[in-house]
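Taking it in order: structure first as structure tokens, then the write-up.
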Amino acid sequence: AGQSALTMGQAFDGLYVVRLGTLRSSITNADGGMHVLSFPMKGNLLGFDGIYKYSYMSDVVALTDCDLIRIPASELFSAGRGSNHLEHMAYWASSREITQEQMAYSLTRSVKSEARVARFLQTMSQRFADLGYSPNRFILPMTRRDIGHHLSVTVETVSRAFSALVQEGIITVDFREINILSHEALCNFER
């Protein structure tokens, strides 16, 4: 936890599949502002952005203890490699990554910023369910500031949305632990 897995400008040396843990992928703008692109978890692919210019285009930091599986560039691009297992794993992870990016894009297109937070919680609930964990009770590995940077809202907006969801009896919050009491109400939250 806390260590960099990839850094912007680092030479491309392969792709990484998250085996365990949660990370934060971000870019830093020219003005020094950070934008969180995603929160990769088990099964997500890292480093795909490095293929195009032979260097990684984002910073990836572990939020929890993590285990990554490296697929070396030499294995990916060697002629006659004959490794269908590696190719299948890379394509599967790529497909999953594209799907999650599309869902993340829809989060930032909500009309109201507090509704983005509710949709973010829905997405995290589904991601935990896909990994075999409870979709109702989970611990967010990221900070409220990270969530704000991801959704393009302030940390105060994230806190205000959590408070509104608690007041309406939709969730309970204990620091980073979220307990969803009504998925239907969470889906319909439009404050």
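Ser55 places no side-chain N or O within 3.5 Å of a backbone atom of Phe12 that could act as its donor or acceptor partner. Remark: the backbone N or O of Phe39 is not paired with any side-chain donor or acceptor of Arg24 at under 3.5 angstrom. Side chain of Asn188 to main chain of Glu184: a donor-acceptor pair is present (N/O by atom type, distance under 3.5 Å, no hydrogens or angles). A donor-acceptor pair under 3.5 Å is formed between the side chain of Ser134 and the backbone N or O of Asn136. Without hydrogens or angle criteria, His149 side chain to Val36 main chain gives no donor-acceptor distance under 3.5 Å.
Side-chain contact annotation: Asp13 with Tyr54, donor-acceptor N/O pair under 3.5 Å absent. At a cut-off of 3.5 Å, with distance as the only test, no side-chain donor of Ser163 or Arg160 sits close to an acceptor on the other residue. Using modelled atom types, one finds a donor on one side chain and an acceptor on the other under 3.5 Å when comparing Thr157 with Thr154. Judged purely by distance below 3.5 Å, without hydrogens or angles, the side chains of Ser58 and Asp49 pair a donor atom with an acceptor atom.
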**Worked verdict on Leu68 versus Val17 for side chain to side chain contact (heavy atoms under 4.5 Å, CB included)** = CA-CA 6 Å; Leu68 305 178; Val17 178; over 6 Å; no
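With a 6.0 Å radius and a threshold of 12 heavy atoms from other residues, nucleotides or ligands, Asp65 has its CG atom at or below the threshold. The local environment of CZ in Arg176 is crowded, with over 12 non-hydrogen atoms from other residues, nucleotides or ligands closer than 6.0 Å.
Comment: Lys42 does not engage Asp130 in a salt bridge, judged by the lack of any side-chain N to carboxylate O separation of less than 4.0 angstrom.
Legend: ring pair (Phe, Tyr, Trp, His ring centres under 6.0 Å) pairs involving residues 126-148, not counting sequence neighbours, sorted by first then second residue: Phe128-Phe138.
Between Thr7 atom OG1 and Asp59 atom CG the span is 6.0 Å, to the nearest 0.5 Å. If you take CD on Glu114 and CZ on Arg119, they are separated by 13.5 Å, rounding to the nearest 0.5 Å. In this structure, CG in Leu6 is found 8.5 Å from OG in Ser25, a value given to the nearest 0.5 Å.
The side-chain heavy atoms of Val60 and Gln10, taken from C-beta on, include no pair separated by under 4.5 Å.
Of the residues Ser38, Ser4, Pro40, the one that meets the side chain to side chain contact (heavy atoms under 4.5 Å, CB included) test with Leu23 is Pro40.
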